[in-house]
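Everything on this sheet refers to the single structure shown next.
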Amino acid sequence: MIRRPPRSTLSSSSAASDVYKRQKKLRIKWAQEHEARTPVWWKNRGFADGHFWYLARSRLEASTPRPRGSSVLRKRGQGAAPKLQGGKGSAYKQGKRIGVWGVLTTEGLRVAFLPKGRLTGAIHAATVRKHYAAWAGWAQGIVHDGERALWAPAAKRAYEEAGVPPLKHPPTSPDLNPIENAWALLDRRLEETAPETFEPENKFRARVHAATRYLNAGRRLPSLQRLVGSMRSRVQFVLRVKGAMTKY
């Protein structure tokens, strides 16, 4: 006898399928709108996103099994992501949340630490006003995702003042933002330089800045520039796979 799955399971599966189909349609539409963009057009844009780590708050906490060093860089096979215990961004079960906001351009990767690892409209507006003139004041637009904080009224005003408009980006599309690949390079460098013992937050922050300088220096900068230069290929790939996720 074949048992039919519960109706709730069928409905949730159908809803997930509908969401996926909508996402694919939005990705195709976005790719069609950007299909004619030239490599020069993309090189005149910046790509932004937030990135987070989880640090041990004490030597005792650092002594528990975790990846090399004190930063908890979640990977496949390392268990579930840290669960909240208290205020978001400050009291995680497996460490303190540390976050940066970054912008990738052909000039390299730039990052600034987020207060208490949080991202709000006001915080993002302050980041734009303080850093974007130096990071991407020459750029003709910044690509980032649809997080509410990034499109809050305060953030929009800050972008207008900086003269660097935010650009539309399809939802759930990390493969279409090359800064995600830059984060992977940054994490790799942090793993290579991680200490074997407990690392205070100020030392970790200094190491993040040092890792960023490392990626921006010498023969490594072209790797970041190639990420920006790959946008035309990413757009074409989306059309080729009819909106599905790409190899990027």
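Just so you know, these numbers use all the heavy atoms, side chains as well, and skip hydrogens, waters and symmetry mates.
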Salt bridge present between R157 and E160 (N-O < 4.0 angstrom) =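 So R157 does not pair with E160 through a salt bridge.
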If you take all heavy atoms of G163 and P165, which pair is closest and at what distance?
->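 G163 and P165 have their closest heavy atoms at O-CD, 3.6 Å.
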Nearest non-hydrogen partners of L109 and L224, listed with the distance =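 Looking at all heavy atoms of both residues, the shortest contact is N-CD1, 3.9 Å.
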For the residue pair Y132 and W135, categorise the inter-ring angle as parallel (less than 30°), tilted (30 to 60°) or perpendicular (more than 60°).
->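 Answer is tilted, since the angle falls between 30° and 60°.
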Determine yes or no for a side-chain-to-main-chain donor-acceptor pair under 3.5 angstrom, with [X] supplying the side chain and [Y] the backbone.
X	Y	result
R118	L114	no
R220	Y214	yes
T120	I123	yes
S230	V228	no

Does one hydrophobic cluster hold both [X] and [Y], with members joined at side-chain heavy-atom distances below 4.5 Å?
X	Y	result
L26	L150	no
W183	L221	yes
M231	M245	no

Regarding [X] and [Y], is there a side-chain donor-to-acceptor distance under 3.5 Å anywhere?
X	Y	answer
R226	S223	yes
H124	Y159	yes
T172	Q23	yes
W138	N44	no
R232	T38	no

Indicate, with yes or no, if the rings of H169 and F47 have centres closer together than 6.0 Å.
->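 Aromatic pair excluded; centres sit 6.0 Å or further apart.
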Is the W42 to H34 ring centre distance short of 6.0 Å?
->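 Yes: the rings meet the under 6.0 Å criterion.
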A cation-pi test, strictly: NZ or CZ of [X] under 6.0 Å from the centre of the six-membered ring of [Y] and no more than 45 degrees from its axis. Yes or no?
X	Y	result
R27	W30	no
R234	F237	no
R148	W151	no

Pick from R207, K116, K96: which one makes a salt bridge (charged side-chain N to carboxylate O under 4.0 Å, His left out) with E201?
->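 That would be K96; it is the only one of R207, K116, K96 passing the salt bridge (charged side-chain N to carboxylate O under 4.0 Å, His left out) with E201.
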Can you find a pair of side-chain heavy atoms, one from V208 and one from W53, that are under 4.5 Å apart?
->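 Sidechains of W53 and V208: in contact.
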With a 4.5 Å limit on heavy-atom distance, are the side chains of I98 and F204 in contact?
->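 Heavy-atom side-chain distance check passes, below 4.5 Å.
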Taking it one step at a time, do Y248 and N177 satisfy side-chain contact (heavy atoms from CB on, under 4.5 Å)?
-> CA-CA 9 Å; Y248 298 96; N177 192 342; over 6 Å; no
